[in-house]
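Both backbone and side-chain heavy atoms feed into the values below; hydrogens, waters and symmetry mates do not. By convention in this document, chain letters (A, B, ...) are assigned in the order of the sequence lines, proteins followed by strands, and residues within each chain are numbered from 1. Values in this document were obtained by computation on a predicted structure and should not be read as measured data.
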Protein chains: 2
Amino acid sequence: MSGRLMKVISKSGEYGLRALLYMASNQKNKGYFNIRDMSEELDISFHFLTKILQVLTQKGILQSYRGPNGGVGFFKNPEEITLSAIIRALEGDDFFDKCLLGLPGCGERQPCPMHAYWMDIRNNLKYEFETTSLADLGQDTREKQFRLIA
Amino acid sequence: MSGRLMKVISKSGEYGLRALLYMASNQKNKGYFNIRDMSEELDISFHFLTKILQVLTQKGILQSYRGPNGGVGFFKNPEEITLSAIIRALEGDDFFDKCLLGLPGCGERQPCPMHAYWMDIRNNLKYEFETTSLADLGQDTREKQFRLIA
DNA sequence: AAGATTAAAGAGTATTTTATCTTAAATAAA
DNA sequence: TTTATTTAAGATAAAATACTCTTTAATCTT
């Protein structure tokens with residue numbers, strides 16, 4: 001029962017977010033990011049990362065190009081990509097609506113004991129995530145040289 | 001990549017918390033709660049629940065008794081059991097200290113891009129969980145007849 | 001057009017989490 | 001002291017998540 005940690009997001013979520021932060025903080029105006037290079041830079045399994053970025057492409061956050069000098073690039077402008085959109089793409093659309101106790105259909109009509117309490121916290125988190133853009137985080141990462149690897 | 005939800009706590013965490021809320025909202029001044037009965041009442045696998053409650057006993061939140069009319073009861077007064085203590089017992093002691101990106105050793109000295117931002121959110125959550133007692137939640141549950149089952 | 005490069009897709013493996021089943025140990029009651 | 005009851009503990013199974021490997025499709029270069 002120990003060893004588990006506040007795992008708000010899955011490994012896929014962690015890796016996807018790290019990749020996006022990497023891309024946003026290494027703004028190149030043209031061209032695509034090579035996934036192999038990124039996987040080595042970030043020390044993430046290449047195939048696994050590929051699949052995660054695929055999802056982000058399917059969700060309309062990234063676009064991809066095959067062939068020599070191919071890779072992935074932003075489809076939307078990082079200014080318009082919220083942390084919320086990223087997390088929802090990677091973790092599921094109902095990410096911010098889940099009951100703390102895991103009860104299905106928990107809500108105003110049939111609340112669990114934690115409902116009102118947890119909703120406040122959740123909504124706060126939701127607001128924070130909705131008002132933070134990838135561009136902001138990327139700029140911070142670049143300027144303050146924040147680390148993206150262990 | 002869909003179907004995953006904001007899983008702040010594991011199934012063990014959900015079940016353990018639900019059981020504690022059940023106990024706190026069914027205050028009997030003497031005697032122990034029978035685990036079999038609770039497992040049926042809450043629709044949680046008996047053996048799994050037993051193991052979870054075992055952990056809460058080992059962590060000094062509950063006490064247990066074997067044999068006829070045995071069961072589990074509070075070791076500490078629910079007034080003095082914080083939500084924080086419960087979550088930490090069930091999810092690990094470092095629950096509120098984990099990096100959103102999963103980077104080991106993330107902190108002031110070597111922050112990830114999310115560190116300051118996430119720390120604020122985490123600390124807020126931590127504060128909320130530390131200032132909420134099981135007795136309060138249990139009283140609410142009883143008075144407002146909140147549900148603990150699907 | 002042929003070959004090289006790169007992401008997409010699918011199948012397969014490993015690890016972790018969740019759940020079950022069996023046996024042991026403690027306690028109580030007859 | 002025997003039997004019934006109940007939690008503890010350990011072994012096993014199933015499901016979910018994380019990761020790897022192989023093949024395919026798109027694109028570029030020559």
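Atom CE in A:Met38 sits roughly 11 Å away from atom C1' in C:dA7 (whole-Å rounding). Straight-line distance from the OH atom of A:Tyr32 to the C1' atom of C:dA8: 15 Å, rounded to whole Å. One atom, CG of A:Leu53, and another, P of C:dA9, lie 13 Å apart when rounded to the nearest Å. Distance A:Asp37 CG to C:dA7 C1': 13 Å, rounded to the nearest Å. We find that CD of B:Glu40 is positioned 11 Å from P of D:dT6, with the value rounded to whole Å. Atom C1' of nucleotide C:dA7 and atom CG of A:Leu62 are separated by 13 Å, given to the nearest angstrom. Here C:dT17 presents its P atom at 14 Å from CG of B:Leu90, a figure rounded to the nearest Å. Remark: C1' of C:dA7 and CE of A:Met23 are 13 Å apart, rounded to the nearest angstrom.
Contact detail for A:Gly16 and A:Leu56: the closest heavy-atom pair is O-CD1, 4.3 Å. The two residues A:Gly13 and A:Leu90 have their closest heavy-atom pair at O-CD1, 3.7 Å.
The side chain of B:Gln54 contributes an N or O atom lying less than 4.0 Å from OP1 or OP2 of D:dA9. Contact check, A:Gln58 against C:dA9: a side-chain N or O comes under 4.0 Å of OP1 or OP2.
Relative ring orientation between A:Trp118 and B:Phe129 is described as tilted, the plane-to-plane angle lying within the 30° to 60° band.
B:Glu108 and B:His115 are linked by a side-chain donor-acceptor pair at a separation below 3.5 angstrom, with hydrogens and angles left out of the test.
A donor-acceptor distance shorter than 3.5 angstrom exists from the side chain of A:Asn34 to the backbone of A:Asp37, with no hydrogens or angles considered.
Note: B:Arg88 CZ to B:Phe96 CZ = 7.0 Å, rounded to the nearest 0.5 Å. Here the CD1-SG distance, from B:Ile149 to A:Cys112, works out to 12.5 Å after rounding to the nearest 0.5 Å.
If you check every strand for non-hydrogen atoms under 4.0 Å, B:Gln63 touches nothing.
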A correct 5'-to-3' footprint of nucleotides 19-28 of chain C, with B, S and - meaning base, sugar-phosphate only and no protein heavy atom under 4.0 Å, is SBBB--BBBS
